[in-house]
Trainee: 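The structure follows.
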Amino acid sequence: MRELICICCPLGCHIKVDDSDIHHLKVTGNTCLRGDKYARDEVTCPKRVVTSICEVDGGEIEVVSCKTKEAIDKKLIFPALEEIKKVKLTAPVHEGDILIANILGTGVDIVATKTVERRK
């Protein structure tokens with residue numbers, strides 16, 4: 001039995017997942033279908049959105065914030081951070097720019113979350 005607090009909305013439902021048979025999970029305590037999906041995903045393949053920074057050459061500031069466009073497998077967080085650390089950008093960088101396409105073969109892009117203009 002796993003106990004979770006749902007993070008899909010402000011209700012924070014206390015969810016229980018009977019995972020004694022991984023092929024037939026029993027989810028209780030959720031008040032909506034999103035909670036059911038969250039619980040099943042969290043038990044079978046937990047995912048997270050990864051946030052970090054990349055260096056920017058010639059920018060008004062030296063780094064730009066970035067994130068995965070979608071959640072990736074939790075096991076890939078640290079390998080993804082290592083790949084992000086290798087990126088060196090040149091200003092300007094615009095919010096939404098793809099900094100790394102298809103990180104680690106996941107089909108998920110790393111995107112800039114703010115704009116960094118060229119230093120004047």
Side-chain angles (χ1 to χ4, degrees):
M1 181 72 68
R2 300 259 320 258
E3 294 186 26
L4 308 166
I5 295 177
C6 184
I7 60 172
C8 292
C9 78
L11 289 178
C13 295
H14 290 259
I15 299 175
K16 291 185 179 181
V17 181
D18 179 351
D19 59 351
S20 56
D21 180 356
I22 200 71
H23 300 292
H24 295 69
L25 298 175
K26 294 179 185 136
V27 178
T28 58
N30 57 299
T31 55
C32 69
L33 292 177
R34 291 186 307 169
D36 183 82
K37 180 178 178 350
Y38 166 77
R40 291 174 190 281
D41 289 347
E42 189 65 14
V43 169
T44 59
C45 182
K47 295 182 178 189
R48 299 290 186 271
V49 171
V50 177
T51 60
S52 188
I53 56 172
C54 291
E55 289 184 35
V56 178
D57 237 4
E60 291 178 326
I61 58 175
E62 297 177 0
V63 295
V64 65
S65 55
C66 62
K67 71 177 193 83
T68 53
K69 198 165 185 178
E70 300 168 28
I72 62 172
D73 190 312
K74 195 173 170 182
K75 291 180 266 183
L76 297 176
I77 292 172
F78 290 107
L81 289 170
E82 288 301 315
E83 291 301 308
I84 293 168
K85 195 186 316 183
K86 296 175 188 176
V87 174
K88 310 288 186 227
L89 305 166
T90 302
V93 178
H94 298 96
E95 183 177 344
D97 284 355
I98 295 174
L99 309 181
I100 304 173
N102 188 25
I103 191 153
L104 302 171
T106 60
V108 176
D109 299 332
I110 303 295
V111 297
T113 59
K114 80 180 282 174
T115 295
V116 177
E117 297 295 347
R118 192 179 316 269
R119 184 174 39 237
K120 296 177 183 182

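Positions are given from 1 along the sequence.
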Trainee: If you draw a 6.0 Å radius around NZ in Lys69, do more than 12 non-hydrogen atoms from other residues or ligands fall strictly inside?
Mentor: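 12 or below, so no.
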
Trainee: For the residue pair Val17 and Ala39, what are the closest heavy atoms and their distance?
Mentor: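 Scanning both residues, the minimum pair turns out to be CG2-CB, 3.7 Å.
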
Trainee: Roughly how far apart are Asn30 CG and Tyr38 OH, rounded to 0.5 Å?
Mentor: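 Interatomic distance, Asn30 CG to Tyr38 OH, rounded to 0.5 Å: 12.0 Å.
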
Trainee: Nearest heavy-atom pair of Ile5 and Gly12: which atoms, and what distance?
Mentor: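 Looks like CG2-O, 3.6 Å.
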
Trainee: Is there a side-chain contact between Thr68 and Ile110 in this structure, where contact means two heavy atoms from C-beta onward sitting under 4.5 Å apart?
Mentor: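 Heavy-atom side-chain distance check passes, below 4.5 Å.
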
Trainee: Checking side chain to side chain contact (heavy atoms under 4.5 Å, CB included) for the pair Arg40/Val43: CA distance, chi angles, key distance, verdict?
Mentor: CA-CA 5 Å; Arg40 291 174 190 281; Val43 169; over 6 Å; no

Trainee: Measuring from atom CD of Glu82 to atom CD1 of Ile103, what distance do you get when rounded to the nearest 0.5 angstrom?
Mentor: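 It is 10.5 Å, given to the nearest 0.5 Å.
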
Trainee: Would a 4.5 Å heavy-atom cut-off, applied to side chains only, mark Val49 and Glu70 as touching?
Mentor: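 No, every pair of side-chain atoms sits at 4.5 Å or beyond.
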
Trainee: To the nearest 0.5 Å, tell me how far Ser52 OG sits from Ile77 CD1.
Mentor: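 With rounding to 0.5 Å, OG (Ser52) is 11.5 Å from CD1 (Ile77).
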
Trainee: Salt bridge check: are Glu62 and Arg119 linked by an N-O gap of less than 4.0 Å?
Mentor: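 No, Glu62 and Arg119 are not salt-bridged.
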
Trainee: May I ask you to decide if Lys74's main-chain N or O and Arg48's side chain share a donor-acceptor pair within less than 3.5 Å?
Mentor: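 Such a contact is absent between Arg48 side chain and Lys74 backbone.
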
Trainee: Report yes or no: does Thr106 contribute a side-chain atom to a donor-acceptor pair with the main-chain N or O of Asn102 at less than 3.5 Å?
Mentor: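 Looks like no, no N/O pair under 3.5 Å.
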
Trainee: If you count every heavy atom of other residues, nucleotides or ligands that lies below 6.0 Å from Lys88 atom NZ, does the total exceed 12?
Mentor: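 Result for NZ/Lys88: enclosed.
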
Trainee: Between Ile100 and Asp109, is there a side-chain heavy-atom distance shorter than 4.5 Å?
Mentor: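 Side chain of Asp109 against side chain of Ile100, heavy atoms only: no contact under 4.5 Å found.
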
Trainee: List the atom of Ala112, the atom of His94, and the distance in Å for their closest heavy-atom pair.
Mentor: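 Heavy atoms only, the tightest pair is CB-O, 3.5 Å.
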
Trainee: Name all residues meeting the salt bridge (charged side-chain N to carboxylate O under 4.0 Å, His left out) criterion together with Glu60; count only those two or more places apart in sequence or in a different chain, and write none if there are none.
Mentor: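 Partners of Glu60 by the salt bridge (charged side-chain N to carboxylate O under 4.0 Å, His left out) criterion come out as none, since no residue qualifies.
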
Trainee: Looking at Ala80 and Ile72, what are the two nearest heavy atoms and their distance?
Mentor: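 Of all heavy-atom pairs spanning Ala80 and Ile72, the closest is CB-CD1, 3.9 Å.
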
Trainee: Do Val93 and Thr115 come close enough that some side-chain heavy atom pair is under 4.5 Å?
Mentor: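 The answer is no, as the side chains (C-beta and beyond) never meet within the 4.5 Å cut-off.
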
Trainee: Between Asp18 (side chain) and Ser20 (backbone), is there a donor-acceptor pair under 3.5 Å?
Mentor: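 Checked: pair present.
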
Trainee: Hey, does Ile15 have a side-chain heavy atom less than 4.5 Å from the side chain of Val27?
Mentor: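 Result yes, sub-4.5 Å side-chain heavy-atom pair found.
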
Trainee: Of the non-hydrogen atoms in Cys54 and Ile84, which two are nearest, and what is the gap between them?
Mentor: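 What the structure gives for the nearest pair is SG-CG2, 3.7 Å.
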
Trainee: Compare all side-chain heavy atoms of Glu3 with those of His14 and state whether any distance is below 4.5 angstrom.
Mentor: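 Sidechains of His14 and Glu3: no contact.
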
Trainee: Donor-acceptor check, side chain of Thr113 to backbone of Ser65, threshold 3.5 angstrom: yes or no?
Mentor: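 Judged by distance alone, yes, a pair lies under 3.5 Å.
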
Trainee: Counting only heavy atoms not in Ile22 (residues, nucleotides, ligands), do more than 12 fall under 6.0 Å from its CD1?
Mentor: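 Atom CD1 in Ile22 is crowded, with more than 12 foreign heavy atoms closer than 6.0 Å.
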
Trainee: Side chain to side chain contact (heavy atoms under 4.5 Å, CB included) between Val56 and Thr90: does it pass, once the steps are laid out?
Mentor: CA-CA 5 Å; Val56 178; Thr90 302; over 6 Å; no

Trainee: So which heavy atom on Ile53 is nearest to which on Cys66, and how close?
Mentor: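 Looking at all heavy atoms of both residues, the shortest contact is N-SG, 4.0 Å.
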
Trainee: Look up atom OG1 in Thr31 and atom CG in Asp36, then write down how far apart they are to the nearest 0.5 Å.
Mentor: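 Reported to 0.5 Å precision, the distance equals 11.0 Å.
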
Trainee: Roughly how far, to the nearest 0.5 Å, is the CZ atom of Arg34 from the CG atom of Leu11?
Mentor: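 Going from the CG atom of Leu11 to the CZ atom of Arg34 covers 8.5 Å.
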
Trainee: For the NZ atom of Lys26 and the NZ atom of Lys16, what is their distance to the nearest 0.5 Å?
Mentor: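 So the gap between those two atoms works out to 14.5 Å.
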
